[in-house]
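In what follows, chains are A, B, ... by sequence order, proteins preceding strands, each numbered from 1.
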Amino acid sequence: MTEILNYDLVVVGGGPAGMAAALAAKDNGVPEEKIIVLERDVRLGGILEQCIHTGFGLTYFGEELSGPEYADRFVKLMDETKIAVKLNTMVLNITKENQVIATNKEDGLITINAKAIILAMGCRERPRGALDIAGSRPAGVMSAGQAQKFVNIDGYMPGHEVVILGSGDIGLIMARRMTLEGAKVKVVCEVMPYSGGLQRNIVQCLEDFDIPLRLSCTVIKVHGRDRVEGVTIANVDDHMLPIPGTEEYIPCDTVLLSVGLIPENELSKQIDLDMDMITRGPKVDEMRMTSQPGVFACGNVLQVHDLVDFVTQESQIAGKGAAQYISGLRHEGVIKTRGQNGVRYTVPQSINLDEKEDVKIYFRVGNVYHDKRVVVTCGDKVLFNRKKIKLAPGEMENVIIKAADIAEMTADQEIVVSIEEA
Amino acid sequence: MVYDIAIIGAGVVGTQIARNFSKYDLKVALLEKESDVAMGTTKANSGIVHAGFDCQSGTLMADLNVKGCRMMEEVATTLHVPYERNGSLVVAFSEEEMGTIKELYDRGITNGLTEDELKIIDRDELVKLEPHIADNAVGALYAPTAGIVSPYELAIGAAECAVGNGVEFLRTFNVGGIIFEDGLFTIGAKDGRIIRSKWVVNAAGLFANLIADNFNNEKFKVIPRIGEYGLLDRDVYPLVTHTVFQCPTKMGKGILVAPTTHHNVFVGPTSLDMEDNMDGRHDTSVRVGALRETYAAAQKSIPSVSARDQITSFAGLRAHWVEHDFYIAPAKNNDHFINLIGIESPGLAASPAIAEYTENLILGIMGEKPAEKADWNPSRKAPVFFRTMSPEERAELIAKDPAYSRIVCRCETVTEGEIRDAIRAPAGAVDLDGVKRRTRAGMGRCQGGFCGSRVMEILSEELDKPIAEITKFGRASDIIYERTK
Amino acid sequence: MTERKLICVACPRGCPITVYMDDSGEITKVEGNTCPRGDTYARAEVTHPERSLTSTVKVTGGKHYVVPCKSSTAIPKELLFDAMVEINKASIAAPVHIGDVIIKDILGTGADIVATNEID
């Protein structure tokens with residue numbers, strides 16, 4: 001028989017999002033012994049455990065920490081509470097009645113009745129299959145994150161001569177890591193005309209080590225029968241199609257892919273939450289509640305963040321939202337948000353009209369822009385209008401909507417974030 | 001060691017022949033040049049159990065296809081292999097193509113299909129069967145008994161059954177040469193191993209003609225023909241539930257859109273003749289342009305099929321004999337050496353019948369039928385699929401062994417227990433891809449990104465091998481190298 | 001007068017900074033930074049570039065084979081690979097705690113190599 005437990009709040013995922021959400025729920029009045037965090041790995045911390053580089057925590061802690069150090073701050077806080085944690089535990093499904101079914105070796109199948117659930121499963125890397133790379137299917141093609149785990153956690157070299165496809169941050173970070181550990185990183189290819197990673201990573205991970213970054217360039221073929229023996233790269237045109245005559249063969253034994261992250265939304269889809277086709281996460285209101293009452297989402301499962309500091313902030317909102325929900329607070333009437341003119345998406349996708357506090361709307365742009373204005377309107381009213389020197393798809397932006405403005409809104413209106421000429 | 005029968009090639013044909021002979025009191029060896037079963041044509045296959053209407057009437061291919069299709073459900077069910085009688089449709093987009101449909105229908109009847117097994121349907125019926133079919137589809141040939149089977153799991157199931165009944169599975173036995181002396185074959189592997197056998201069954205797929213040539217200079221012109229596929233996310237299902245063909249062309253059965261037994265939808269295959277040499281037999285490179293064209297072609301049948309949903313693409317090679325028939329017969333001057341040549345599509349559908357035909361051929365030449373084992377088990381231990389179990393079944397399973405309570409592969413919900421089973425099974429998995437084919441760990445939308453290193457740890461434990469020696473698919477397919485520190 | 005354009009690496013914000021120098025190489029102005037750390041970074045970058053270093057060190061007797069580590073302060077950029085040689089030679093016995101000093105004053109830079117995770 002399966003064990004049935006009762007908790008006010010079940011947090012799915014014990015990474016930075018899950019921990020911050022659980023702690024915030026406690027700080028907002030949920031009894032700590034009525035909160036449980038379910039984590040699939042052997043320890044709390046999530047992906048931060050393998051992100052051993054520094055750059056975490058500047059916004060939140062005002063100091064520069066490595067991933068494990070950032071995680072440990074929250075692990076220590078968790079340790080001081082009576083919040084229950086189950087490690088090596090995978091959630092199998094969530095029901096419409098907010099029941100969580102999970103499994104682990106110690107307890108077997110567990111059923112938990114929850115008043116509220118916070119989804120904090122993080123994200124995962126896009127695999128190769130989604131890309132059109134010609135050629136054979138040898139060993140040695142892996143995601144940058146997989147290589148990161150081999151090097152930083154398991155202590156193994158996944159290759160010696162490396163080509164990296166995609167200039168996402170993990171790819172850039174791994175270019176430096178592999179180089180420092182003795183591998184030769186031959187080139188980083190980016191199919192877009194701009195990098196998807198942070199500027200500082202291009203400087204300190206590539207330029208510092210003279211690793212070339214080729215923009216508008218991609219791997220068109222993988223060679224090798226057993227293990228990768230080389231790749232053919234080529235420049236691409238405006239339609240991202242390889243330009244004949246630009247092919248170049250590069251011998252290597254490893255191809256690392258850093259071609260984007262996708263929210264880990266198996267559970268969200270399974271409980272049939274309204275999903276945002278662009279973020280690939282569930283649609284949420286400003287408290288990060290999804291379309292299923294009592295189910296909240298935060299962190300990379302909601303939208304892929306660049307900075308863990310923002311994950312923490314967002315998760316604290318979700319934790320507070322869950323606490324309010326558990327205490328019985330219900331909202332009526334929402335106003336929708338959306339992006340246009342180059343704004344690909346907005347999070348939250350809706351705001352409750354009775355919201356009494358300022359709301360931060362996060363968004364990403366679809367291209368690189370210089371000297372433009374970020375304009376937010378609601379009906380005829382301009383809520384925000386500020387000049388930005390630079391906007392890039394790799395960097396998440398935000399605008400603040402004032403509580404006073406929300407108080408004047410009606411459900412038939414919408415909040416529109418757009419990029420306008422300066 | 002002297003065997004009664006040595007079978008070369010552990011594809012879907014070789015493994016089923018091994019299974020058929022495992023019921024007799026015979027010493028049988030199954031020789032495979034790779035580290036696992038199903039590593040050749042069987043691995044990258046459409047998985048279609050064709051009804052048998054489009055084979056040239058009067059050929060062995062037509063006969064064995066029709067028979068094999070009728071046998072498949074029983075074989076697959078007995079071996080606990082995913083099989084579904086989903087039916088196939090050949091869709092016509094013009095009245096002219098309806099003419100082709102009629103020809104196919106007539107041919108099917110000539111090939112021995114009954115009127116229950118083959119129907120011509122109009123657009124209305126077609127739309128009922130496939131709601132997402134293109135607006136300009138006018139009708140179809142419907143074969144309700146056609147099915148889908150997981151090709152590599154069929155080979156795995158047959159091999160487990162065979163090995164469970166005493167067949168010896170010799171991995172990485174890459175046949176270098178065969179000589180016949182004093183009524184006995186001596187078979188040498190390229191690594192120096194030697195076995196002797198009274199009979200040889202050459203079921204080496206793409207390499208069968210090379211082995212036949214090597215043995216006694218008997219020549220068959222077999223061309224490696226590549227087929228590329230795009231596999232879509234399971235979310236797409238039920239975009240199609242039947243196997244949806246277009247009217248056939250000279251190069252094959254044309255582009256199809258179909259579900260797999262695990263309800264991924266796929267498009268393909270392309271068709272291109274490769275060089276008739278070793279490189280041509282090893283090059284399973286996917287061509288991007290061809291795959292793009294495939295999607296475009298597939299959209300003719302099902303307009304909403306999209307490459308955006310692709311989770312992986314792959315290519316397989318088929319052994320195309322220029323005579324375009326199955327050739328199953330003793331070698332010139334030696335009736336104890338049986339060649340199976342040109343086993344290409346519908347080879348999978350025909351495979352149970354091919355195995356039976358080969359069995360009967362050998363028994364006929366033997367004259368006296370060997371004794372049957374009293375304790376022969378036609379099946380194998382049913383593999384556990386946690387993902388498809390009810391909560392009650394899951395609880396029961398976990399109570400028996402907590403290894404089933406640890407999920408290793410998130411995308412496909414595969415437990416540690418299933419992975420250990422796959423490794424411990426007769427002819428079990430020895431590498432990452434072997435585990436993937438048996439359990440689906442790594443086959444989902446993240447393609448092993450999360451579970452790969454965890455599966456490697458389990459393989460390392462079970463096989464008592466350092467983790468750095470665990471490969472993707474044998475040979476030199478190393479995944480990781482030395483310690484960083 | 002010369003100017004050098006830099007991307008600040010002091011934090012993930014990545015401000016574009018311009019450093020103006022006179023003919024003798026003396027820094028006359030730093031522009032584009034949004035915090036004092038950027039100013040410090042830019043001045044150092046044009047005179048003696050420094051980087052913080054992160055890697056892993058072998059653990060003996062622990063649950064994990066390696067522990068992540070970092071340099072307690074930035075070290076001269078040209079010493080990164082020499083520092084890696086030292087780090088690859090080092091090891092530490094479990095249990096390891098965040099902040100445990102693994103190598104003191106690496107290569108005389110004044111920076112320590114410290115553990116950045118807990119290993120039982």
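Residue A/Thr59 does not touch chain C at all, counting heavy-atom pairs closer than 4.5 Å. No part of A/Ile389 comes within reach of chain C, as not one of its non-hydrogen atoms sits under 4.5 angstrom from that chain. In this structure, the portion of A/Phe209 lying under 4.5 Å from any heavy atom of chain C is its side chain and not its backbone. Looking at C/Leu53, only its side chain comes within 4.5 Å of chain A, counting heavy atoms on both sides. Heavy atoms of C/Ile7 lying under 4.5 Å from chain A belong to its backbone as well as its side chain.
Taking both residues in full, the closest heavy atoms of A/Ile52 and C/Pro68 are given as CG2-CB, 3.3 Å, listed atom of the first, atom of the second, then distance. A/Thr54 and C/Ser52 get closest at one heavy-atom pair: OG1-OG, 3.6 Å.
Ranking A/Glu49, A/Arg176, A/Glu69 against chain C, the residue ahead of the rest is A/Glu69, based on heavy-atom pairs under 4.5 Å. Comparing A/Ile202, A/Leu180, A/Asp309, A/Asn201 by how many heavy-atom pairs each has under 4.5 Å with chain C, the most go to A/Leu180. Taking chain C as the reference chain and counting heavy-atom pairs below 4.5 Å, the highest number among A/Glu181, A/Glu207, A/His53 is found for A/Glu181.
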Before giving the answer on salt bridge (charged side-chain N to carboxylate O under 4.0 Å, His left out), spell out for C/Arg37 and A/Glu64 the whole-Å C-alpha distance, their side-chain angles and the decisive distance to 0.1 Å.
-> CA-CA 11 Å; C/Arg37 286 166 52 93; A/Glu64 186 163 16; 3.4 Å; yes
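Interatomic distance, C/Leu80 CG to A/Gln204 CD, rounded to the nearest 0.5 Å: 10.5 Å. Expressed to the nearest 0.5 Å, how far NZ of A/Lys76 lies from CD of C/Glu118 amounts to 4.0 Å.
In this structure the side chain of C/Asn117 reaches within 4.5 angstrom of the side chain of A/Arg43, judged on heavy atoms.
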